[in-house]
Amino acid sequence: MKPDLVIILSGKRKCGKDYIANILLERFGKDNTVIIRLSGPLKERYALENNLNYEKLLEATQYKELFREKMIKWGEAIRNQDPGYFCRHAIEQSQAAFKKVWIVSDARRKTDLDFFHLNYANETYTVRISASDAVRKERGWIYTEGIDNCESECGLDNYTEWNFHICNDNNEQISEGINKLLLVMNVKC
C-alpha cells in the first residue's frame with residue numbers, strides 16, 4: 001500500500017527535525033500518519049551487534065554521542081553495499097504500510113532522497129530545516145570533528161531541489177514555516 005504523501009525532513013544536528021516531525025504528526029493526526037526514522041534500523045542493528053542499549057541510542061543524550069562516529073562509519077559500510085537498506089527497514093519497522101502520510105524525520109544522504117523519489121515519486125515532498133549555529137548550540141550542539149564534517153551531516157548541503165525550507169530559530173518561524181508548508185503542499189489529508 002502506497003502512502004498519499006511522503007514528507008522528507010532533512011537538516012543538521014539539533015536543527016529541530018524531530019520537533020517539526022512531531023508537530024506535523026499532530027497536524028495530520030496520529031491515526032493516518034507515521035514518523036519514519038531512518039536512523040532507527042541502523043541504531044537497532046548497531047546496538048544488537050555491539051551489545052548496547054537500543055532505546056538510549058534513540059534518545060538525544062550523551063550515550064548516543066559516545067557511539068555516533070563509529071555508528072556512522074558502520075552504517076556507511078552497509079549503505080555502500082545497499083543504498084536503500086535502512087530506508088526499506090525503517091518503513092517496515094515503523095509499520096507505515098497502513099498510513100496515509102509518512103513523515104521521514106531524518107534524511108541525511110542523497111541516496112535517502114533517491115530511494116523515496118524512485119519508489120514514491122508522486123507522493124514525495126522534501127523539506128530542508130535549518131537553524132543558526134547559535135540556536136543549535138543552545139539546544140546542546142557542539143561541533144565534533146569526524147561527525148559534523150562527514151556525509152551524515154553534510155551529504156545534502158549542496159542539494160538544491162528542496163520543495164520547501166523551514167528556518168527553525170524560534171517558535172514564530174516554526175509556526176509560520178509549517179503553515180506555509182501545508183499551504184504550498186495543498187494538503188488534502
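Because the structure is a prediction, the values reported are computed rather than measured. Just the heavy atoms: all of them, side chains too, but no hydrogens, waters or symmetry mates, feed the values below.
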**Message:** Surrounding CD of E49 (heavy atoms of other residues, nucleotides or ligands, distance under 6.0 Å), is the total greater than 12?
**Reply:** yes
**Prompt:** Does K56 NZ have over 12 foreign heavy atoms under 6.0 Å away?
**Reply:** no
**L66 atom CG, neighbour heavy-atom count above 12 within 6.0 Å** = yes
**Prompt:** Less than 4.5 Å apart, any side-chain heavy atom of F28 and any of L5?
**Reply:** yes
**Message:** Ignoring hydrogens and geometry beyond distance, is a side-chain donor-acceptor pair present between N22 and R27 at under 3.5 Å?
**Reply:** no
**Fill in**
Residue set satisfying ring pair (Phe, Tyr, Trp, His ring centres under 6.0 Å) with F164, at least two apart, ordered chain then number -> none
**Message:** Check for me, please, whether V127 and I103 land in the same ILVMFWY cluster - side-chain distances under 4.5 Å, paths through other members count.
**Reply:** yes
**Asked** Taking NZ, NE, NH1 and NH2 as the nitrogens, is one of them in E92 or R88 under 4.0 Å from a carboxylate oxygen of the other?
**Response** no
**Message:** Under 3.5 Å, is there a donor on one side chain and an acceptor on the other for R45 and Y85?
**Reply:** yes
**Message:** Measuring only between side-chain heavy atoms, which start at C-beta, is N168 closer than 4.5 Å to I20?
**Reply:** yes
**Asked** Should the heavy atoms of other residues, nucleotides or ligands under 6.0 Å from CG of N149 be counted, would the total exceed 12?
**Response** yes
**Message:** With heavy-atom distances below 4.5 Å as the criterion, would you say the side chains of S130 and C167 are in contact?
**Reply:** yes
**Item:** Path from L38 to L118 over hydrophobic side-chain contacts below 4.5 Å
**Value:** no
**Asked** Would you call Y46 and L52 a side-chain contact if the rule is heavy atoms closer than 4.5 Å?
**Response** yes
**Request:** Would you kindly say whether W74 and N50 are connected by a side-chain donor-acceptor distance under 3.5 Å?
**Result:** no
**Request:** For atom CZ of F67, decide whether the heavy atoms of other residues, nucleotides or ligands shown that lie under 6.0 angstrom number more than 12.
**Result:** yes
**Item:** D157 bridged to R128 by N-O distance under 4.0 Å
**Value:** yes
**Prompt:** Looking at OG of S39 and NZ of K17, how far apart are the two atoms once the value is rounded to the nearest 0.5 Å?
**Reply:** 9.0 Å
**NZ/NE/NH1/NH2 to OD/OE distance under 4.0 Å, D18 and R37** = yes
**Asked** Counting N and O atoms only, with roles assigned by atom type, does the side chain of E44 sit under 3.5 Å from a partner on the main chain of G40, one being a donor and the other an acceptor?
**Response** no
**Asked** Has E59 got more than 12 heavy atoms of other residues, nucleotides or ligands less than 6.0 Å from its CD?
**Response** yes
**Asked** Have Y63 and E65 got a donor and an acceptor in their side chains that come within less than 3.5 Å?
**Response** no
**Asked** Are there more than 12 heavy atoms of other residues, nucleotides or ligands under 6.0 Å from atom NZ of K2?
**Response** yes
**Asked** Between I91 and Y120, does a side-chain contact (heavy atoms from CB on, under 4.5 Å) hold up when you go through it step by step?
**Response** CA-CA 12 Å; I91 291 167; Y120 308 98; 3.9 Å; yes
**Request:** Answer yes when E153 and R109 have at least one side-chain N-carboxylate O distance shorter than 4.0 Å, and no when they do not.
**Result:** no
**Item:** Candidate pair I166 and E176, rule side-chain contact (heavy atoms from CB on, under 4.5 Å), full reasoning
**Value:** CA-CA 9 Å; I166 295 176; E176 182 180 317; over 6 Å; no
**Message:** Hydrophobic clusters here meaning ILVMFWY residues chained together by side-chain heavy-atom distances under 4.5 Å, can you tell me if I36 and F86 are in one?
**Reply:** no
**Working for side-chain contact (heavy atoms from CB on, under 4.5 Å), residues V104 and F116** = CA-CA 10 Å; V104 179; F116 286 98; 3.7 Å; yes
**Message:** Under a plain distance cut-off of 3.5 Å, with no hydrogens placed, do E123 and W102 share a side-chain donor-acceptor pair?
**Reply:** no
**Asked** Honestly curious: do V101 and L9 fall in one hydrophobic cluster under the side-chain, below-4.5 Å linking rule?
**Response** yes
